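To keep things clear, I will list the structure first and then write my remarks on it.
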Amino acid sequence: MYLQILKSKIHRARVTEANLNYIGSITIDMDLVDAAGLYPNEKVHIVNINNGERIETYVIPGERGSGKIGINGAAAHKFSVGDLVIIMAYAQMTPEEMASHKPKVIFPDSETNRLIK
């Protein structure tokens, strides 16, 4: 049996861009992508702390050090610049694998989306 377990989480990042005229996805600063153990094109769930909206999409790498969290495409109707979000990715694993698994959770500065050292 495989279980879906939290693999990666960016907790309380701030949306810096909401672009309706884009194909879709979320653009994330590569510093945050790397720190959270995410991958370009990986499926993620995004929760909008301000209004409770939840979406699924995929990661597009953003400029390193930019602090960018860009909601692209139709989801931009549900997220606004300034909203706080939680971005999560999951992995399938057995109960045995899960026993020793520790998710990568990062807490960027919620004003700048920069990593807190």
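Computed from a prediction, not measured in an experiment: that's the story for all the values here.
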*asked:* Restricting to side-chain hydrogen bond (donor to acceptor under 3.5 Å, both in side chains), what partner residues turn up for Asn51, sequence neighbours left out?
replied: Asn48
*asked:* Using the rule that Ile, Leu, Val, Met, Phe, Trp and Tyr join whenever any side-chain heavy atoms are under 4.5 Å apart, tell me whether Ile26 and Ile55 fall into a single cluster.
replied: yes
_Atom CD of Glu97 with >12 non-hydrogen neighbours under 6.0 angstrom_ = yes
*Within-4.5 Å side-chain heavy-atom neighbours: Glu56 and Lys43*: yes
*Between Leu3 and Pro95, what is the shortest heavy-atom contact and its length?*
CD1-CG, 4.1 Å
*Are the side chains of Asp83 and Ile49 in touch, meaning some heavy atoms are under 4.5 Å apart?*
no
*Would you check if His77 and Leu20 make a side-chain contact, meaning some heavy-atom pair closer than 4.5 Å?*
yes
*Which distance, rounded to the nearest 0.5 Å, do you find between the CD1 of Ile86 and the CZ of Arg54?*
8.5 Å
*Below 4.0 angstrom, N of the basic side chain to O of the carboxylate: do Lys68 and Glu17 qualify?*
yes
*If you round to the nearest 0.5 Å, how far is NE2 of His101 from OG1 of Thr94?*
11.5 Å
*For residues 2-12, which residue pairs qualify under salt bridge (Lys or Arg N to Asp or Glu O under 4.0 Å), counting only residues two or more places apart or in two chains?*
Lys7-Glu42
_Val15 vs Ser80 side-chain heavy atoms within contact, under 4.5 Å_ = no
*Shortest non-hydrogen contact between Asp31 and Gly65, atoms and distance*: OD2-N, 3.2 Å
*Ala89 and Leu38: which non-hydrogen atoms are nearest, and at how many Å?*
CB-CD2, 3.5 Å
*What about Ile60 and Leu32, same hydrophobic cluster or not, with Ile/Leu/Val/Met/Phe/Trp/Tyr joined at side-chain heavy-atom distances under 4.5 Å?*
no
*asked:* Grouping I, L, V, M, F, W and Y whenever their side-chain heavy atoms are under 4.5 Å apart, do Met88 and Tyr39 come out in a common cluster?
replied: no
*Got a sec, which residues hit side-chain hydrogen bond (donor to acceptor under 3.5 Å, both in side chains) with Gln4, two or more places apart in sequence or on another chain?*
none
*With side chain to side chain contact (heavy atoms under 4.5 Å, CB included) as the test, would you mind laying out the steps for Asp29 and Asn113 before giving the verdict?*
CA-CA 8 Å; Asp29 176 331; Asn113 293 332; over 6 Å; no
_Is any side-chain heavy atom of Val44 closer than 4.5 Å to one of Tyr58?_
no
*First locate atom CD1 of Ile5, then atom CE of Met93, and finally report the distance between them rounded to the nearest 0.5 Å.*
6.0 Å
*Closest non-hydrogen atom pair, Ile10 against Ala13*: CG2-CB, 4.0 Å
*For residues Ile28 and Ile69, determine if any side-chain heavy atom of one lies less than 4.5 Å from a side-chain heavy atom of the other.*
yes
*asked:* Please give me the minimum heavy-atom distance between Glu53 and Phe79, naming the atom from each residue.
replied: O-CZ, 4.4 Å
*Is any side-chain heavy atom of Ile87 less than 4.5 Å from a side-chain heavy atom of Val59?*
no
*Is Val85 reachable from Met30 through a run of I, L, V, M, F, W or Y residues, each pair having side-chain heavy atoms under 4.5 Å apart?*
yes
*Lys78 vs Ile71 side-chain heavy atoms within contact, under 4.5 Å*: no
_Atom of Ser110, atom of Leu84 and distance for their closest heavy-atom approach_ = CB-CD2, 3.9 Å
